[in-house]
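The block underneath contains the structure these notes are about, expressed in structure tokens.
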Number of protein chains: 2
Amino acid sequence: MAAPERGRTGRPPRTSRAQILSAARELIDDEGWERLTMRKLAARAGVAPTTLYHHVRDREELLAALLDDYADRIPRRELPREPVERILAAATVMHDALAGWPWLVEVLTADDLIGDAALWMVEAIVDAAMEHGCPADEAVHLYRSVWYYTVGEILVRASADRKRAELDRPAYRDTVFRRLDKPELPRLSAIAGRWPALCAEDTYAYGLRALVEGLLTK
Amino acid sequence: MAAPERGRTGRPPRTSRAQILSAARELIDDEGWERLTMRKLAARAGVAPTTLYHHVRDREELLAALLDDYADRIPRRELPREPVERILAAATVMHDALAGWPWLVEVLTADDLIGDAALWMVEAIVDAAMEHGCPADEAVHLYRSVWYYTVGEILVRASADRKRAELDRPAYRDTVFRRLDKPELPRLSAIAGRWPALCAEDTYAYGLRALVEGLLTK
DNA sequence: ACCTGAACACCGTTCAAGT
DNA sequence: ACCTGAACACCGTTCAAGT
């Protein structure tokens with residue numbers, strides 16, 4: 001009741017939530033999200049660690065805020081009219097957004113955390129599937145299959161990249177494939193040398209199209 | 001040279017690596033893998049925290065050991081002869097093995113960590129794809145698409161389950177879908193009420209079949 | 001209202017010392 | 001050879017006290 005519109009009481013703020021968020025983004029880009037600690041973040045923001053708790057509830061809320069923020073920035077693309085192509089395009093927007101900041105997937109993998117701001121992509125996919133002739137349930141299931149595939153791709157690629165960056169150990173896969181000349185694994189033995197190169201290829205779009213066409217031509 | 005076959009020198013071991021691993025398994029089953037700390041593990045094993053480092057190099061090696069161990073226990077199933085069905089069956093074995101201990105995915109998501117013991121499943125899929133007529137590269141790409149889809153499904157389901165278990169917050173998704181009556185999201189608004197139920201359905205096999213058939217009928 | 005230092009209850013890991 | 005306590009360099013978070 002007595003709270004004045006403009007004149008607040010007490011000390012004026014020196015730190016804003018926005019400052020904290022952008023410091024957090026810097027820190028994550030520099031060191032990765034697992035290495036974001038409240039204490040390091042405070043240091044970068046130039047405040048005491050305890051000050052952070054005036055602006056965010058806890059570490060988890062901070063990460064969720066970063067995620068929402070990022071989702072808001074995803075530009076809304078014009079999507080093709082043809083349903084199948086529309087699904088592929090919307091899924092690709094999701095995929096590319098995640099690929100740009102793969103740690104998000106690790107924070108968010110719950111089916112849902114696709115906050116508000118990202119729902120238009122879900123809508124696009126469900127709508128296109130229904131326009132193509134799917135009943136509602138199937139459209140949702142299609143969306144979920146696409147989501148599984150997309151999350152998996154991002155995650156596998158992200159952790160492969162991370163492993164590659166930590167050059168200390170020579171990539172477990174390589175040691176596995178080196179000893180790989182077993183009669184019970186003829187196909188893998190034959191292809192062992194080319195395996196790393198084949199895995200490095202970007203086949204997201206390829207698999208996505210197959211998945212969607214497979215789902216729609218049942 | 002002088003090392004005797006049987007008579008070792010020094011104090012006899014009181015702790016074995018196997019004991020540590022099984023204590024770790026208990027701890028993970030009780031509290032989840034993120035909560036497995038070296039100190040808690042030591043307490044459960046009845047030794048000093050520092051003792052663990054005599055038996056495993058560090059926490060990461062411990063987790064890798066658990067993973068290898070688990071992979072060794074996956075029973076080798078007889079797979080169908082028909083290629084498409086063989087792919088589906090092998091993928092399902094992978095899927096079910098991971099579903100039984102979903103934290104593994106989070107440890108392992110690198111494309112590779114499918115240690116030695118699990119390679120037969122990869123072999124089965126690549127082999128079936130080639131028998132069906134795929135060239136080697138395509139067979140590998142098919143395997144990877146299946147792997148993405150599988151990893152994604154496990155991960156999304158596991159973290160949804162975890163969220164549900166932490167009942168303190170009322171599932172972000174539900175709050176999102178409650179306010180969901182926006183004209184720009186007509187499909188989602190119409191289906192909002194049924195969304196949770198639809199997401200709870202197990203559609204792994206459904207999407208897997210579509211993906212594989214989509215990939216093979218290009 | 002906003003910020004802080006001190007403190008609590010933790011971590012993983014190393015290393016010199018004990019048996 | 002095996003095990004340990006003490007110690008190091010960290011965590012996230014709370015809370016009473018300062019301005």
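In the text below, chain A, chain B and the rest are named by the order of the sequence lines, each starting its count at 1.
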Please report the distance, rounded to the nearest Å, between [atom1] in [X] and [atom2] in [N].
| X | N | atom1 | atom2 | result |
| --- | --- | --- | --- | --- |
| B:Leu41 | C:dT13 | CG | P | 12 Å |
| A:Met38 | C:dA7 | CE | P | 22 Å |
| B:Glu31 | C:dC10 | CD | P | 12 Å |
| B:Leu36 | C:dT13 | CG | P | 11 Å |
| A:Arg35 | C:dG12 | CZ | P | 16 Å |
| A:Lys40 | D:dA9 | NZ | P | 16 Å |
| A:Gln19 | C:dC3 | CD | C1' | 14 Å |
| B:Arg17 | D:dC2 | CZ | P | 14 Å |

When the ring planes of B:Tyr143 and A:Trp195 are compared, do they come out parallel, tilted or perpendicular, using 30° and 60° as the limits?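 Tilted: the ring planes of B:Tyr143 and A:Trp195 meet at 30° to 60°.
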Measure distances between side-chain N and O atoms of B:His54 and base N and O atoms of D:dC3, and say whether any donor-acceptor pair falls under 3.5 Å.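 Such a pair exists between side chain and base.
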Backbone N/O of A:Lys40 and side chain of A:Thr37: donor-acceptor pair under 3.5 Å: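 It does hold such a pair.
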What's the gap between D:dC10 and C:dA9 when it is taken at their P atoms, as a whole Å value?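 Straight-line distance between the two P atoms is 22 Å.
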With rounding to whole Å, what would you report as the distance between C:dA7 and D:dC11 at their C1' atoms?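 My reading of the C1' atoms in C:dA7 and D:dC11 gives 14 Å.
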Side chain of B:Ala48: nearest nucleotide among D:dG5, C:dT4, C:dT13?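 Looking only at side-chain atoms, B:Ala48 lies closest to D:dG5.
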Between D:dT14, D:dC3, C:dT4, which one does the side chain of A:Tyr53 approach most closely?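 Comparing D:dT14, D:dC3, C:dT4 against the side chain of A:Tyr53, the answer is D:dT14.
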Distance test, side-chain N/O of [X] to OP1/OP2 of [N], below 4.0 Å:
| X | N | answer |
| --- | --- | --- |
| B:Thr37 | C:dC10 | no |
| B:Thr50 | D:dT4 | no |
| B:Arg14 | D:dT4 | yes |

Establish, yes or no, whether a centroid distance under 6.0 Å links the rings of B:Tyr204 and B:Tyr149.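 Yes, they do, as the ring centres are separated by less than 6.0 Å.
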Is D:dC10 paired to anything, Watson-Crick or G-U wobble with both distances less than 3.5 Å, and if yes, which nucleotide?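 The base-pairing partner of D:dC10, which may sit in any strand shown, does not exist here.
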State the pairing partner of D:dC15; accept Watson-Crick or G-U wobble contacts with both distances under 3.5 Å, and report none otherwise.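 Per the H-bond distance test, C:dG5.
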Using the closest heavy atom to pick a nucleotide of DNA chain C for each, name whichever of A:Arg39 or A:His55 lands nearer the 5' end.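 Here A:His55 is the residue nearer the 5' end.
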A:Arg144 vs B:Glu201, salt bridge (charged side-chain N to carboxylate O under 4.0 Å, His left out): CA-CA, chis, key distance, verdict: CA-CA 10 Å; A:Arg144 285 179 67 80; B:Glu201 281 180 46; over 6 Å; no
Starting from the 5' end of DNA chain D, give me the residue, A:Arg59 or B:Leu52, whose nearest nucleotide shows up first.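 Between the two, 5'-proximity favours B:Leu52.
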Roughly how far, to the nearest 0.5 Å, is the CZ atom of B:Arg86 from the CG atom of B:Leu79?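 Reported value, rounded in 0.5 Å steps: 7.0 Å.
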